[in-house]
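None of the values given here were measured: they were computed from a predicted structure. Heavy-atom basis, side chains included; hydrogens, waters and symmetry copies ignored.
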Amino acid sequence: MLRLPSVLLVASLACTTGYAPPPAGPASPPGVAGRPDMTGWRLMGDAIVTGQFEREIIRVGKYQGRTTRVGLVVTESSLEVGDVVLQFGNGQHWSPGLRHSFADGSRSRAIDLPGHVRFIQGMELIRGSVPPGTRAHVELWGQ
């Protein structure tokens, strides 16, 4: 009779031996590795850019274009941009003066648009380059 409780005690200790909760390390950032977290933003358009270019255009869909601020995300390669020009639905063009060198997996600052909510038809990347033999995926995000 005394054997049964001692067998149960040994069995329960054997089940819990070696168990340790997972280490509490830094939480992994939201999103996918190599991509910035764009929670609260929506993808408006994207383009693949290669080599040296004078102009590359990112078209924005008809219903994705209404926004008050925008941002760029660059993945798959680094990208040099001489300027960015936004094309609004009323025919106006506006440049936020964004001359920047993007690393793979980086994003621009949030760019507030002039006026109230604007409809964006597209965005032009002016005078830029991607390292030879690579291509950059450029995304336009709105909020």
Matching residue for I126 among V85, V84, L98 - test: side-chain contact (heavy atoms from CB on, under 4.5 Å):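 Looking at V85, V84, L98, the match for I126 under the side-chain contact (heavy atoms from CB on, under 4.5 Å) is V85.
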
Test V138 against every option in D46, L79, V81 by the side-chain contact (heavy atoms from CB on, under 4.5 Å) rule and name the one that passes.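 With V138 as partner, D46, L79, V81 yield a single side-chain contact (heavy atoms from CB on, under 4.5 Å), made by L79.
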
Might you work through the side chain to side chain contact (heavy atoms under 4.5 Å, CB included) test for T68 and L113, ending with a clear yes or no? CA-CA 6 Å; T68 58; L113 302 178; 5.8 Å; no

Cation-pi check, R107 onto W141 ring (under 6.0 Å, within 45° of axis): no

Quick check against the 3.5 Å criterion: does S129 have a side-chain atom that pairs as donor or acceptor with the backbone of G51? no

Between D104 and E76 (side chain of the first, backbone of the second, donor and acceptor by atom type, cut-off under 3.5 Å), is there such a pair?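 Yes, the answer is positive, given that a donor and an acceptor are paired below the 3.5 Å cut-off.
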
Check this for me: [X], atom [atom1], are more than 12 non-hydrogen atoms of other residues, nucleotides or ligands nearer than 6.0 Å?
X    : atom1 : answer
R109 : CZ    : yes
R69  : CZ    : yes
Q143 : CD    : yes

Taking the side chain as every heavy atom from C-beta outward, state whether [X] and [Y] have any atom pair closer than 4.5 Å.
X    : Y    : value
I111 : V70  : yes
T67  : V117 : no
D83  : E124 : no

Any idea which heavy atoms bring [X] and [Y] closest together, and the distance?
X    : Y    : answer
P36  : G105 : CD-O, 3.4 Å
P131 : S77  : CD-OG, 3.5 Å
F53  : T50  : CD2-O, 4.5 Å

Taking a hydrophobic cluster as the set of Ile, Leu, Val, Met, Phe, Trp and Tyr residues connected by side-chain heavy atoms closer than 4.5 Å, whether directly or through intermediates, do W41 and L43 fall within one such cluster?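 Both belong to a single hydrophobic cluster.
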
Walk me through it: do H137 and E139 pass the test side chain to side chain contact (heavy atoms under 4.5 Å, CB included)? CA-CA 7 Å; H137 184 210; E139 300 171 338; 3.1 Å; yes

When rounded to the nearest 0.5 angstrom, what is the spacing between [atom1] in [X] and [atom2] in [Y]?
X    : Y    : atom1 : atom2 : answer
I58  : L86  : CD1   : CG    : 9.5 Å
H93  : Q121 : NE2   : CD    : 8.0 Å
H100 : E80  : NE2   : CD    : 9.0 Å
Q87  : R118 : CD    : CZ    : 12.5 Å
I120 : M44  : CD1   : CE    : 4.0 Å
L125 : F102 : CG    : CZ    : 8.5 Å

